[in-house]
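The first residue in the sequence is number 1, and the count goes up from there.
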Amino acid sequence: MGTIDNKIYAPILWPYRLMGNLILIGCVWLVTFGVITVRHNLVSKHIDSLLVEIYNKTATAGWGLDDVTLEGRVKTPKEDVLRVIGLKRGDNILEIDLKSVCDKVKTLPWVRDASVSRRYFPNIIHISIREKKVKSIWQYKNEFYPIDEDGKIIETEYVPQKNILQIVGEEAPEHINALLQIIEKDSELFSRVKVANFISKRRWNLTFDDVLNGITVKLPEDNIDTAWKKLVKLDKTRGILKRKLTFIDLRLKNKVIVKISNKDTNP
């Protein structure tokens, strides 16, 4: 005879219980999060109003702004700094956001970097400015634009100086730094470069001594450093840039081509 199974099998309910518990926990978490958020917002608003009250009280108790001092300013007008920061005498010095003030100062065209600090008794906001330096002047479509150390246009009016390098050609500002890193190594020869012309967005021609009647040196597209060293050596050993030449062509690796000026040719 077969055995009789007397075991009673209860239905498997644990997955449903687990799911119910998870749903319950989720609901409790959502309610708790909502309560905390509301309380946090209320506390934040209370703190904000308290801070405003503190600032108002301290401003009339010796914490008002007495002055703004500037350091390092040469080309940046003082009026432009005061206008952009928007501070006035009597403002609560504790309430002033130094980072915001600094960011505003950095928007001025001549400012390369800036720092802002508080000073007390008297209460002063001190602004230290490091200005951009004009490395060259870009002549483009009959207009002149000052170019800074990063090869970027300084968006402001500028009167060109006599002893500053003039660059010409489309995309010249973006490539001038790479050229300057090479030709500035010999300061004596570099000081004689008046114009750097970026030809076809590929290579440079340099004009020495005189913008209209100087010697034009044609540099190669690649290996500019080698070509420049060759020019420096030729000038020191043979005085090539003192001769009556129209141009010196350094584009060929093993050859230097020169053209004698017509003014130096006998009739």
Side-chain angles (χ1 to χ4, degrees), residues 74-75 109-110 112-113 130-156 158-264:
V74 177
K75 298 183 178 67
W110 281 110
R112 182 176 177 84
D113 198 9
R130 184 161 66 94
E131 292 186 327
K132 298 173 183 176
K133 295 180 180 179
V134 180
K135 296 288 288 185
S136 58
I137 292 291
W138 182 36
Q139 182 183 354
Y140 186 67
K141 294 183 177 179
N142 297 320
E143 297 288 341
F144 292 90
Y145 304 91
I147 305 299
D148 68 10
E149 309 99 303
D150 298 322
K152 295 180 180 179
I153 297 173
I154 303 174
E155 299 289 351
T156 185
Y158 181 74
V159 178
Q161 301 174 3
K162 291 182 179 180
N163 297 325
I164 196 164
L165 177 66
Q166 180 179 329
I167 62 176
V168 183
E170 191 174 353
E171 298 185 11
E174 293 90 329
H175 295 82
I176 187 60
N177 275 352
L179 175 68
L180 291 178
Q181 288 176 3
I182 295 172
I183 67 176
E184 282 183 328
K185 294 176 182 177
D186 189 289
S187 58
E188 183 178 351
L189 204 58
F190 171 69
S191 65
R192 296 173 59 185
V193 180
K194 303 304 178 184
V195 181
N197 190 354
F198 198 45
I199 307 296
S200 302
K201 296 189 284 189
R202 294 186 302 106
R203 64 172 196 84
W204 294 94
N205 281 355
L206 306 180
T207 302
F208 284 77
D209 297 330
D210 187 272
V211 174
L212 298 177
N213 301 310
I215 300 174
T216 296
V217 175
K218 299 182 179 184
L219 296 175
E221 183 176 354
D222 301 313
N223 300 318
I224 300 176
D225 196 8
T226 302
W228 178 254
K229 289 178 180 177
K230 183 188 294 185
L231 179 66
V232 172
K233 184 177 180 180
L234 286 171
D235 191 57
K236 288 182 177 179
T237 58
R238 302 187 182 184
I240 193 170
L241 288 172
K242 297 176 182 178
R243 302 186 183 186
K244 300 296 183 179
L245 301 175
T246 300
F247 70 77
I248 303 170
D249 194 341
L250 299 174
R251 289 177 293 176
L252 299 178
K253 185 176 181 180
N254 299 314
K255 187 182 294 185
V256 177
I257 300 174
V258 300
K259 183 179 179 180
I260 299 174
S261 171
N262 293 330
K263 295 179 181 180
D264 201 43

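In terms of heavy-atom proximity, Pro146 sits nearest to Tyr158 at CG-CB, 3.7 Å. Minimum interatomic distance between Val168 and Asn197 (heavy atoms only, all atoms of both residues): O-OD1, 3.4 Å. Of all heavy-atom pairs spanning Ile248 and Leu245, the tightest one is CG1-CD1, 4.0 Å. Between Phe190 and Trp228, the closest heavy-atom pair is N-CZ2, 4.4 Å. Looking at every heavy atom in both residues, Asn177 comes nearest to Gly151 through ND2-N, 3.6 Å. Counting all heavy atoms, side chain and backbone alike, Ile224 lies closest to Pro220 at CG1-O, 3.5 Å.
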- request: Tell me, with the steps shown, if Leu179 and Leu206 meet side chain to side chain contact (heavy atoms under 4.5 Å, CB included).
  value: CA-CA 11 Å; Leu179 175 68; Leu206 306 180; 4.0 Å; yes
Trace of the side chain to side chain contact (heavy atoms under 4.5 Å, CB included) decision for Leu250 with Val256: CA-CA 5 Å; Leu250 299 174; Val256 177; 3.9 Å; yes
task: Give the C-alpha distance, both sets of side-chain angles, the deciding distance and a yes or no for side chain to side chain contact (heavy atoms under 4.5 Å, CB included) between Lys132 and Lys75.
output: CA-CA 9 Å; Lys132 298 173 183 176; Lys75 298 183 178 67; over 6 Å; no
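With hydrogens and angles disregarded, a donor-acceptor distance shorter than 3.5 Å links the side chain of Asp235 to the backbone of Leu241. Listed for the Glu149 side chain is a donor-acceptor partner under 3.5 Å among the backbone atoms of Lys133. Under a 3.5 Å cut-off, the side chain of Arg112 and the backbone N or O of Arg130 do not form any donor-acceptor pair. Side-chain atoms of Asn223 do not come within 3.5 Å of backbone N or O of Thr226 as any donor-acceptor pair. Not a single donor-acceptor pair under 3.5 Å links the side chain of Lys201 to the backbone N or O of Glu170. No donor-acceptor pair under 3.5 Å is formed between the side chain of Lys230 and the backbone N or O of Asn254. A donor-acceptor pair under 3.5 Å is formed between the side chain of Trp138 and the backbone N or O of Gly169.
Under the 4.0 Å criterion applied to side-chain N and carboxylate O atoms, Lys185 and Asp225 are assigned as salt-bridge partners.
The number of heavy-atom neighbours closer than 6.0 Å to NZ of Lys135, taken from other residues, nucleotides and ligands shown, is 12 or below.
A heavy-atom distance below 4.5 Å is found between the side chains of Ile183 and Leu180. Contact of the Val193 side chain with the Phe208 side chain is registered, since non-hydrogen atoms from C-beta on lie closer than 4.5 Å. When side chains are defined from C-beta on, Ile153 counts as touching Ile147, because their heavy atoms get closer than 4.5 Å.
How far CZ of Phe198 is from CD of Glu171: 7.0 Å, rounded to the nearest 0.5 Å. Rounding to the nearest 0.5 Å places NZ of Lys259 at 13.5 Å from CD1 of Ile215. Taking NZ of Lys244 as the start and CG of Asn213 as the end, the distance is 9.5 Å to the nearest 0.5 Å. With rounding to the nearest 0.5 angstrom, the NZ atom of Lys229 is 9.5 Å from the CD1 atom of Ile182. Summarising the geometry, atom CD1 belonging to Ile176 is positioned 5.0 Å from atom OG belonging to Ser136; distances are rounded to the nearest 0.5 Å. Separating the CD1 atom in Ile137 from the CD atom in Gln166 is a distance of 8.5 Å, to the nearest 0.5 Å.
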